[in-house]
Trainee: 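Okay, handing you the structure first.
On a predicted model such as this, the values are computed, not experimentally measured, just so you know.
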Amino acid sequence: QVQLVESGGGLVQAGGSLRLSCEASGRAFSTYAMGWFRQAPGKEREFVAAIKWNSGNTYYADSVKGRFTISRDNAKNRVYLQMNSLKPEDTAVYYCAATKPWVSVITTRAAYDYWGQGTQVTVSS
């Protein structure tokens, strides 16, 4: 069992920045690919960013590419999402997630076994 605890959400003005953090409980943190998803009211949960466990390759949704950066620190069992140039349309609940170990495609919800509780990000105009 893996438990994920998120922090760093809040209210920010458009154009500002936030850094989300996700802390994992498992000792095998480095064996999981990690991702961030978000869900706005009335919309489906959508992929935001992901990072692989071995190569460290990163993947981003087109809507956030160039503005968001995902990173991980295996020694601290943490994954981060640095969000810059925030827009009102970025407003959503953001979820940290950990994949199944055999998954190669990590940009879909089906790849993930474990989810955090979510943290609210609100971007004002």
Side-chain angles (χ1 to χ4, degrees):
Q1 182 69 31
V2 175
Q3 291 183 321
L4 306 173
V5 180
E6 297 147 312
S7 62
L11 175 64
V12 65
Q13 191 175 14
S17 299
L18 283 174
R19 191 190 193 196
L20 305 183
S21 178
C22 175
E23 184 175 352
S25 64
R27 290 185 177 183
F29 175 75
S30 62
T31 68
Y32 298 97
M34 301 293 295
W36 289 94
F37 289 74
R38 67 187 183 187
Q39 188 167 17
K43 299 182 67 176
E44 293 185 342
R45 189 178 301 152
E46 65 177 358
F47 169 76
V48 176
I51 184 167
K52 287 210 167 185
W53 56 89
N54 50 5
S55 67
N57 289 349
T58 57
Y59 306 84
Y60 297 94
D62 289 341
S63 59
V64 306
K65 191 174 181 64
R67 300 188 297 121
F68 291 10
T69 303
I70 188 172
S71 62
R72 67 189 295 164
D73 186 338
N74 291 344
K76 296 182 178 180
N77 286 357
R78 286 183 174 87
V79 62
Y80 305 95
L81 185 68
Q82 178 67 47
M83 305 185 295
N84 298 326
S85 301
L86 283 162
K87 305 174 181 179
E89 50 263 44
D90 294 319
T91 295
V93 177
Y94 283 71
Y95 297 90
C96 174
T99 68
K100 306 167 185 176
W102 58 86
V103 171
S104 58
V105 178
I106 59 173
T107 58
T108 63
R109 287 177 290 172
Y112 293 84
D113 274 348
Y114 306 100
W115 297 83
Q117 79 287 349
T119 184
Q120 177 70 48
V121 172
T122 302
V123 184
S124 63
S125 300

Trainee: Enter the distance from Gln3:CD to Asn77:CG here, rounded to the nearest 0.5 Å.
Mentor: 12.5 Å

Trainee: Pair Glu6, Tyr94 - check side chain to side chain contact (heavy atoms under 4.5 Å, CB included), show working.
Mentor: CA-CA 9 Å; Glu6 297 147 312; Tyr94 283 71; 5.7 Å; no

Trainee: Can you confirm whether Leu18 sits close enough to Phe68 that some side-chain heavy atom of one is under 4.5 Å from a side-chain heavy atom of the other?
Mentor: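 Sidechains of Phe68 and Leu18: no contact.
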
Trainee: What are the two closest heavy atoms between Lys100 and Ala110, and how far apart are they?
Mentor: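 Shortest heavy-atom contact: NZ-O, 3.4 Å.
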
Trainee: Closest approach of Ala40 and Ala92, non-hydrogen atoms and distance?
Mentor: N-CB, 3.8 Å

Trainee: Measuring from Glu89:CD to Ser125:OG, what's the distance to the nearest 0.5 Å?
Mentor: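 These two atoms lie 9.0 Å from each other.
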
Trainee: Determine the minimum heavy-atom distance between Ala111 and Val103, stating which atoms define it.
Mentor: CB-CG1, 3.4 Å

Trainee: Are the aromatic rings of Tyr112 and Phe37 close, with centres under 6.0 Å apart?
Mentor: yes

Trainee: From the options Asp73, Ile70, Leu20, select the one residue that forms a side-chain contact (heavy atoms from CB on, under 4.5 Å) with Tyr80.
Mentor: Asp73

Trainee: Quick one: does Asp113's side chain get under 4.5 Å of Tyr32's, heavy atoms only?
Mentor: no

Trainee: Check whether any side-chain heavy atom of Trp115 sits under 4.5 Å from a side-chain heavy atom of Cys96, and report yes or no.
Mentor: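 Side chain of Trp115 against side chain of Cys96, heavy atoms only: no contact under 4.5 Å found.
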
Trainee: Would you say the side chain of Val12 lies within less than 4.5 Å of the side chain of Met83, judging by non-hydrogen atoms?
Mentor: no

Trainee: Which residue is it: Thr119, Asp90, Thr91? I am looking for the one with a side chain to side chain donor-acceptor pair (under 3.5 Å) to Arg38.
Mentor: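 Exactly one pass, corresponding to Asp90.
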
Trainee: So how far is it from Arg109 CZ to Glu44 CD, rounded to the nearest 0.5 Å?
Mentor: 5.5 Å

Trainee: Any idea which heavy atoms bring Ala98 and Met34 closest together, and the distance?
Mentor: CB-SD, 3.5 Å

Trainee: Can you tell me how far CH2 of Trp36 sits from CZ of Phe47, rounded to the nearest 0.5 angstrom?
Mentor: 13.0 Å

Trainee: Does any N or O in the side chain of Lys65 come within less than 3.5 Å of the main-chain N or O of Tyr59, such that one atom is a donor and the other an acceptor?
Mentor: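 Answer holds: no.
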
Trainee: For the atom pair OG1 (Thr69) and OH (Tyr60), what is the distance rounded to the nearest 0.5 Å?
Mentor: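 Answer for the OG1-OH pair, Thr69 versus Tyr60, is 4.5 Å.
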
Trainee: Between Ile51 and Ser71, which heavy-atom pair has the shortest distance, and what is it?
Mentor: CD1-CA, 4.1 Å

Trainee: I'd like to know if the side chain of Ser85 reaches the main chain of Arg67, judged simply by a donor and an acceptor atom lying under 3.5 Å from each other, with no hydrogens or angles considered.
Mentor: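 No: the side chain of Ser85 does not pair with the backbone of Arg67.
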
Trainee: Any side-chain heavy-atom pair from Arg78 and Ser21 closer than 4.5 angstrom?
Mentor: yes

